[in-house]
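First listed ligand is number 1; within each ligand, the first listed atom is number 1.
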Amino acid sequence: MVDQFLEYVEKHQNDFIERLRKAVAIPSVSSDPNRRQDVFRMSEFLIDELKALDAINVETRDPGQQDFHGTPLPLPPIVLATVGNDPAKKTILVYGHYDVQPALMEDGWDTDPFTLVEDEQHRLLGRGSSDDKGPVLGWINVVEAHKSLGLEMPVNLKFCLEGMEESGSEGLEPIIHEEADKYFKDVDSVCISDNYWLGTTKPCLTYGLRGVSYFHLTVQGPARDLHSGVFGGTVHEPMTDLFALMSKLVTPDGKILVPGIYDQVRPLTDTEEKTYDNLAFEMHELHDAVGSAINIHDSVRHVLQHRWRHPSLSLHGVEGAFYNPGDKTVVPARVVGKFSIRTVPDMELDKVTELVTKYVNDEFKKLNSKNTMKIVCSHAGNHWLASPEHWSYVAAAKAVERVYKVKPDLTREGGSIPITLTFQDALKRNVLLLPMGRGDDGAHSINEKLDRSNYVEGTKLLGTYLYEIAAAKPE
Ligand code: BES
Ligand code: ZN
């Protein structure tokens, strides 16, 4: 039966690409309130697709409203759908997100980000192609293949699709807890396809993610923007305070300066050290991915350890700063510095917020400034680590060997999918990350792409994984 499925996918790849084209055309940017309607439209697109495939039950849950700088904004629905409910079969929960990062032509895209374009190298370019519309549609392609062939699915499938992942998964966590004994009751294992291969040639299975805690640091002083000629040298300037504080968060070689942060990091054991032997990754792949040879660490091992299992602190931007071209002699009245910390086992979210808040307050006091300063954690998502010995990983490894004829690497990731640990803890089930795209897909960047072969072979992989689960001996 798996051969019939594989043949169907091969034959119908252009139809699958049309499905992706329709999805990419909906600019479902969750961080932009002006695009919220499009995020809702994207949920309707998925609901229609699932209903057309006789998903037995397509339901939604309403996560309520978001407080967007004081304005209430409705949150897009959680889309739930069940395909098959045979008690003799395993039930796999598939999570994915249908929102995307912002994308503008001005950012430097070569083609319109919301028009799927296939280039000469068979790369499917468009925002969300790899993160995460391609993989979500991959699962739907699997269901379509079975329906069209009149084949039974090898397992029961449950979908949980959200539209706020890129903005911290607001509203999803309470729904998972609430539904743990209801919608999610029969789930045996969870599979998420929302990450990437380590490099560009070899598939991987992923068992770890970093968490992320995001901070807003506001400094406010004058009642309005000021002329620097008239007031420069006579008042405490908010941006000067902000830069003084931001410069004390992290060193140029990546060391976090917040006291106590490293105390919570799990020590590296010899056993863990061995997991970094023989991974299919070379320094030039880091250079290619960033477009420059600006590595802090000289060995691949240390690059990956700093990506996967050490915390990092990044400075993201300053709201309220003068950033246009040209010269303007302004003293901004209020500036908000944004930074985030990627967290790792065994860091605790509350502890991280406490340490950062105390340190920034102490440093601000040292400035003797008469401005006011406020630091808040705007969102925080947990890190996650699973045990890759679980039957779901065994089945996935077999599926990779069948489709790609290679043994997958076992990897962790530096990025975050905030809800992963919630699934593991609330459902008490194993979670597997099974990526579709390549390490150079450019998620969040300009010219995001998914190679045609990754979309097609990736769809085959997701389906084959379900067959391998069904074929495994009961544990
Ligand atoms: N698909 C990514 C997660 C990811 C990133 C996996 C890098 C592997 C490598 C996801 O859509 C994402 O970008 N998540 C955000 C979460 C944040 C907004 C809470 C992230 O990591 O910045
Ligand atoms: Zn994603």
Flag the pair E273 and R301 as a salt bridge only when some basic side-chain nitrogen lies within less than 4.0 angstrom of an acidic carboxylate oxygen.
->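 R301 and E273: salt-bridged.
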Closest N/O/S atom of H97 to the Zn ion (ligand 2), by atom name?
->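 Nearest to the Zn ion (ligand 2) within H97's N, O and S set: NE2.
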What is the name of the N/O/S atom in D194 that sits closest to the Zn ion (ligand 2)?
->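 Per the distance ranking, D194 contributes OD1 as its closest N/O/S atom to the Zn ion (ligand 2).
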If you round to the nearest 0.5 Å, how far is [atom2] of [Y] from [atom1] of [X]?
X: K449; Y: R127; atom1: NZ; atom2: CZ; answer: 13.5 Å
X: E59; Y: I78; atom1: CD; atom2: CD1; answer: 12.5 Å
X: M436; Y: S129; atom1: CE; atom2: OG; answer: 11.0 Å

Students should be able to answer this: which protein heavy-atom is nearest to [atom], and at what distance?
atom: atom 15 (C) of ligand 1; result: S416 O, 3.5 Å
atom: atom 2 (C) of ligand 1; result: Y196 OH, 3.7 Å
atom: atom 22 (O) of ligand 1; result: R342 NH2, 2.9 Å
atom: atom 11 (O) of ligand 1; result: E165 OE1, 2.7 Å
atom: atom 5 (C) of ligand 1; result: G415 CA, 3.6 Å
atom: atom 9 (C) of ligand 1; result: E413 OE1, 3.2 Å
atom: atom 17 (C) of ligand 1; result: V212 CG1, 3.9 Å

Consider ligand 1: state whether an atom of it lies below 4.0 angstrom from any non-hydrogen atom of [X].
X: D132; answer: no
X: H97; answer: yes
X: G381; answer: no

Find all atoms of ligand 1 within a distance of less than 4.0 Å from any non-hydrogen atom belonging to [X], and give their numbers and elements.
X: H379; answer: 19 (C)
X: I417; answer: 3 (C)
X: P418; answer: 19 (C)

With sequence neighbours excluded, what pairs up with R210 under the side chain to side chain contact (heavy atoms under 4.5 Å, CB included) test?
->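 In terms of side chain to side chain contact (heavy atoms under 4.5 Å, CB included), with neighbours along the sequence ignored, R210 is linked to S312, R342, V344.
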Output all residues satisfying side chain to side chain contact (heavy atoms under 4.5 Å, CB included) with N382, sequence neighbours left out; order by chain, then residue number.
->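 Partners of N382 by the side chain to side chain contact (heavy atoms under 4.5 Å, CB included) criterion, ordered by chain and then number, come out as L349, L421.
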Please state whether the separation between the Zn ion (ligand 2) and some N/O/S atom of D131 is under 2.8 Å?
->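 True for D131.
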Got an N, O or S from D132 under 2.8 Å of the Zn ion (ligand 2)?
->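 No, D132 does not qualify, because none of its backbone or side-chain N, O or S atoms lies under 2.8 Å.
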Do we get K338 above F215's six-membered ring, with its NZ or CZ under 6.0 Å from the centre and within 45° of the axis?
->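 No, K338 does not sit over the ring of F215.
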If you take all heavy atoms of [X] and [Y], which pair is closest and at what distance?
X: D67; Y: G70; answer: OD1-N, 2.8 Å
X: L432; Y: A396; answer: CD2-CB, 3.7 Å
X: W139; Y: L462; answer: CZ2-CD2, 3.6 Å

Is any side-chain heavy atom of Y393 closer than 4.5 Å to a side-chain heavy atom of E389?
->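 Sidechains of E389 and Y393: no contact.
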Side chains of L20 and L124 in contact at under 4.5 Å (non-hydrogen atoms) |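 Yes, side chains in contact.
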Can an N or O of D194 be found at a distance shorter than 3.5 Å from an N or O of ligand 1?
->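 N/O-N/O distance below 3.5 Å exists for this pair.
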Heteroatom proximity flag, E166 to ligand 1, N/O under 3.5 Å |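 Min N/O separation from ligand 1 is below 3.5 Å for E166.
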